Amino acid sequence: MSAPAITPVFVRLKLSLLRNGLRQSGGRKAAYITSAVFALLVAALQLIGLIALRGHAHAESVVVPAVAVLGLGWAVMPLFFPSGDETLDPTRLVMLPLRPRPLVRALLTASLVGIGPLFTLCLLVGSVAAVARGGAAFAVAVVAVVLALLVCVALARTVAAANVRLLTSRKGRDLAVLSGLVIAIGAQIVNFGAQRLGASGLGELDPAAEVLQWVPPASAVGAVHAVSEGSYGVAVAQLALSAGALAALLALWSRHLTRLMTSPDGSTLPSAESAAKERSSTGLARLLPAGRTGTVMDRSLRYIWRDPKTKAAWVTSLAIGLIVPVFNAWQGTGSVYFACFAAGMLGIQMYNQFGQDTSAFWMVATTISSARDAYVELRARAYALLLITLPYATLVTVLTTAMLGDWRRLPEALGLSFALLGAMLATGAWTSARFPYSIPQEGYKNVAPGQTGLAWISIFGGMMAAALLCAPVIALTIWLNVSAEGDDWTWLLLPAGTVYGAALTAAGLKLAAPPTARRLPEILAAVSKG
């Protein structure tokens with residue numbers, strides 16, 4: 001007696017998961033429908049645009065890299081969005097009597113249900129339609145679309161199965177923090193590429209397409225173009241590459257499933273040796289000052305490394321602070337002064353210092369009994385930020401200057417960066433005491449309901465105040481650059497900006513300490529909300 005087919009069961013299970021998820025709340029249903037409509041609209045527009053490329057001399061140079069990028073997106077999706085699909089976790093099936101091969105077929109088929117596969121299908125159909133010419137090419141196009149779609153889905157499933165122990169752990173979920181970095185870099189690359197294509201034409205993509213046409217799943221689309229050109233041997237080789245990649249991915253996926261179903265989960269349980277080593281290692285703490293200052297600095301740095309929300313904010317600031325000046329310099333449209341963006345993005349981390357502690361701030365509050373205690377607390381937090389921001393701002397400024405070749409302006413750019421950083425540390429310390437707000441630990445919101453106004457006042461009000469505080473250094477920079485003899489003295493802007501920034505930081509910490517000590521109950525109530 002043969003075992004019943006499990007593929008229809010898994011397809012129904014996937015549909016039930018989608019349906020039941022939408023029943024949980026009206027907001028979730030609205031968000032799903034909105035995202036579905038938006039994704040399908042974009043897919044339809046892409047389909048129309050790709051079909052419009054039919055007959056263009058460089059159509060292949062567009063669709064082949066597009067499909068390669070699509071495959072890369074499927075590969076990294078499970079790493080950055082591990083909670084996006086509940087069926088990506090096969091460990092939920094370990095107690096069921098299922099064999100790997102039937103399970104792979106069932107999961108692969110169920111994976112074809114959803115917005116992502118439909119979006120991918122539209123892009124693949126448009127891609128093959130753009131390069132197919134003749135009946136033989138359209139016949140191969142049908143096979144190519146199926147192969148490419150299956151390769152994309154199998155790639156995502158294999159990556160998820162290989163990393164499922166990591167992705168379902170607390171540390172693994174922190175990988176989603178990198179999504180902000182990838183999106184920020186990707187947006188700048190797309191912007192840079194669009195500008196280059198607009199200036200030079202689609203022919204710029206020819207070298208990339210010649211390489212990517214041999215990389216699955218793009219090789220399947222390359223086979224359609226090869227048939228259109230009459231290169232049947234090339235087409236067979238490219239289809240064989242895609243089919244071989246699919247077979248290899250399925251075999252690898254099956255192997256990982258077998259291991260997941262038969263081996264215990266020890267990925268999140270450190271060995272006694274590693275645990276003892278972690279306890280005995282003091283790391284950076286040994287280099288920090290003694291007393292309260294070193295303790296607070298150590299705590300702040302641990303928050304940056306361990307707390308998901310704090311880590312996400314730092315990763316985003318580090319990425320954008322580097323991307324904006326460097327990509328503008330790369331395109332030849334930047335200025336050394338764009339390097340101040342790095343200091344500005346990292347200076348924002350000084351704002352709402354106590355909100356980052358959430359309800360745990362009560363433990364800090366019990367150690368503050370005077371303005372002196374509050375001053376030492378704020379000063380240590382500023383020191384922790386400076387350990388990262390000073391070398392980072394310097395590195396970004398030097399890198400931007402090197403790319404532009406404008407070394408004469410390096411001292412003034414560094415001076416402006418340090419002055420801006422000092423101003424933001426000063427205003428950040430003051431607004432942290434006057435306008436604290438809570439940061440929810442769950443979900444993607446960075447402000448608790450009802451505190452949006454406080455967040456706007458704290459961040460944007462503080463940034464405007466920081467800009468005003470930097471006005472003297474900015475005025476001095478302008479005067480030296482427009483003055484006839486000012487070029488010989490622009491180097492003074494580095495020490496002047498450094499001293500001015502340090503003075504602003506010290507003054508801001510002194511002014512913020514009394515209200516911090518006086519308003520401890522109000523601060524604790526504000527940061528514990530939500």
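This structure is a prediction, so every number in the text was calculated from the model and none was measured. Computation of the quantities below employed the complete heavy-atom set of this structure, encompassing side-chain atoms and omitting hydrogens, waters and symmetry-equivalent molecules.
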Quiz prompt | Criterion side-chain contact (heavy atoms from CB on, under 4.5 Å) on Val128 and Phe138, from CA distance to verdict | solution = CA-CA 8 Å; Val128 296; Phe138 277 102; over 6 Å; no
Quiz prompt | Check: Val224 main-chain N/O paired with Ser228 side-chain donor or acceptor under 3.5 Å | solution = yes
Quiz item: Do you know which two heavy atoms are closest between Ala68 and Leu212, and how far apart they sit?
Solution: CB-CD1, 3.9 Å
Quiz item: Taking the side chain as C-beta and beyond, is there a heavy-atom pair between Trp74 and Val159 under 4.5 Å?
Solution: no
Quiz prompt | Donor-acceptor under 3.5 Å (Thr401 side chain, Trp407 main chain) | solution = no
Quiz prompt | Separation of Arg101 CZ from Ser254 OG (nearest 0.5 Å) | solution = 6.5 Å
Quiz item: Applying the side chain to side chain donor-acceptor pair (under 3.5 Å) test to Arg409, which of Asn481, Thr477, Thr490 qualifies?
Solution: Asn481
Quiz item: Any idea which heavy atoms bring Cys340 and Leu416 closest together, and the distance?
Solution: SG-CB, 3.7 Å
Quiz item: Are any non-hydrogen side-chain atoms of Glu412 and Leu494 less than 4.5 angstrom apart?
Solution: no
Quiz prompt | Interatomic spacing from CG in Leu45 to CG in Leu40 - rounded to 0.5 Å | solution = 11.0 Å
Practice problem: Check whether any side-chain heavy atom of Val153 lies under 4.5 Å from a side-chain heavy atom of Leu112, and answer yes or no. | Solution: yes
Quiz item: What distance separates Leu108 CG from Trp253 CH2, expressed to the nearest 0.5 Å?
Solution: 5.0 Å
Quiz item: Which pair of heavy atoms, one from Ala209 and one from Val64, lies closest together, and at what distance?
Solution: O-CG1, 3.9 Å
Exercise. Kindly indicate whether the side chain of Leu123, heavy atoms from C-beta on, has any atom under 4.5 Å from the side chain of Val63.
Key: no
Quiz item: Atom OG1 in Thr120, atom CG in Leu150: separation rounded to 0.5 Å?
Solution: 11.5 Å
Exercise. May I have the step-by-step check of side-chain contact (heavy atoms from CB on, under 4.5 Å) for Leu103 and Phe10, ending in yes or no?
Key: CA-CA 9 Å; Leu103 183 59; Phe10 272 76; 3.6 Å; yes
Practice problem: State, yes or no, whether a side-chain contact exists between Thr394 and Phe418 at a heavy-atom distance under 4.5 Å. | Solution: yes
Practice problem: To the nearest 0.5 angstrom, please state how far the CZ atom of Phe38 sits from the CD1 atom of Ile115. | Solution: 12.0 Å
Quiz item: Between Arg54 (side chain) and Ala129 (backbone), is there a donor-acceptor pair under 3.5 Å?
Solution: yes
Quiz item: Within the distance-only criterion (no hydrogens, no angle test), does the side chain of Gln356 pair as donor or acceptor with the backbone N or O of Gln349 below 3.5 angstrom?
Solution: yes
Quiz item: Taking all non-hydrogen atoms of both residues, which atom of Ala342 and which atom of Ala393 are closest, and how far apart?
Solution: CB-CA, 4.5 Å
Quiz item: Would the number of heavy atoms belonging to other residues, nucleotides or ligands and lying under 6.0 Å from CZ of Arg408 be above 12?
Solution: yes
Quiz item: Sub-3.5 Å donor-acceptor pair from the side chain of Lys14 to the main-chain atoms of Ser111, do we have one?
Solution: no
Quiz item: Looking only at atom types and distance, does a side-chain atom of Lys311 sit under 3.5 Å from a main-chain N or O of Ile304, one as donor and one as acceptor?
Solution: no
Quiz item: Is there a donor-acceptor contact under 3.5 Å from the side chain of Tyr351 to the main chain of Gly462?
Solution: yes
Quiz item: Given Leu386 and Leu421, is the side-chain contact (heavy atoms from CB on, under 4.5 Å) satisfied, shown in steps?
Solution: CA-CA 9 Å; Leu386 288 172; Leu421 182 58; 3.8 Å; yes
Practice problem: Using the six-membered ring wherever Trp is involved, compare the ring planes of His58 and His56 and label them parallel, tilted or perpendicular (cut-offs 30° and 60°). | Solution: tilted
Quiz item: Closest heavy-atom contact between Leu257 and Val104?
Solution: CD1-CG2, 3.5 Å
Self-check item: Exam field: side chain Ser317 to backbone Ala313, donor-acceptor pair closer than 3.5 Å
Solution: yes
Quiz prompt | side-chain contact (heavy atoms from CB on, under 4.5 Å) between Leu346 and Leu385, intermediate numbers included | solution = CA-CA 8 Å; Leu346 295 186; Leu385 265 68; over 6 Å; no
Quiz item: Between Ser242 and Ser219, do the side chains contain an N or O donor and an N or O acceptor separated by less than 3.5 Å?
Solution: yes
Practice problem: Quick one: pull up CD1 in Ile323 and CG in Asn328 and give me the separation to the nearest 0.5 Å. | Solution: 11.0 Å
Quiz item: Of the non-hydrogen atoms in Leu249 and Ala154, which two are nearest, and what is the gap between them?
Solution: CB-CB, 4.1 Å
Quiz item: Any side-chain heavy-atom pair from Met424 and Met463 closer than 4.5 angstrom?
Solution: yes
Quiz item: Within a strict 4.5 Å, meaning less than it, do heavy atoms of the Leu118 and Val113 side chains meet?
Solution: no
